[in-house]
Asks: 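Before we start, here is the structure in question, set down as structure tokens.
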Amino acid sequence: MEFVFIPPYSPTLNAIEPLWKDLKREISPTIFEGKDHFKEFVTETFLRLSHRLSFAVDWIETFLLDIQRLQ
């Protein structure tokens with residue numbers, strides 16, 4: 001495991017930010033019946049979106065390849 005320190009307030013460098021953006025986009029138009037429905041929806045949506053690596057491909061190609069070259 002390699003730690004990659006990024007500057008504060010740089011969401012474009014944080015690989016999880018595009019995932020949160022997509023999650024918020026799917027949640028916002030939805031009306032929930034209650035807390036349990038909300039939790040279930042968020043969990044299922046997060047898992048579905050996080051299985052796509054496309055949200056992190058640019059980040060991986062930009063930063064992890066540089067880190068591997070340094071080793």
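A quick note: this is a predicted structure, and the numbers were derived from the prediction, not measured. Residue numbers count from 1 along this sequence.
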Asks: Applying side-chain hydrogen bond (donor to acceptor under 3.5 Å, both in side chains), name anything that partners Glu40, two or more places apart in sequence or on another chain.
Replies: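 Per chain and number, Glu40 pairs via side-chain hydrogen bond (donor to acceptor under 3.5 Å, both in side chains) with no residue.
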Asks: Could you tell me whether the side chain of Asp22 reaches within less than 4.5 Å of the side chain of Arg25, counting heavy atoms only?
Replies: yes
Asks: With side chains defined as the heavy atoms from C-beta onward, is the minimum distance between Leu23 and Leu49 less than 4.5 Å?
Replies: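 The answer is yes, as the side chains (C-beta and beyond) meet within the 4.5 Å cut-off.
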Asks: How would you list, by chain and number, every residue that makes a ring-ring contact (aromatic ring centres under 6.0 Å, His included) with Phe32, sequence neighbours excluded?
Replies: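 Scan of Phe32 (ring-ring contact (aromatic ring centres under 6.0 Å, His included), adjacent residues dropped) gives His37, Phe38, Phe41.
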Asks: Begin with the C-alpha distance, continue with both residues' side-chain angles, and end with the deciding distance and a verdict on side-chain contact (heavy atoms from CB on, under 4.5 Å) for Ile27 and Val42.
Replies: CA-CA 7 Å; Ile27 289 174; Val42 169; 3.6 Å; yes
Asks: Under 4.0 Å between a Lys/Arg side-chain N and an Asp/Glu carboxylate O for Arg48 and Glu26?
Replies: yes
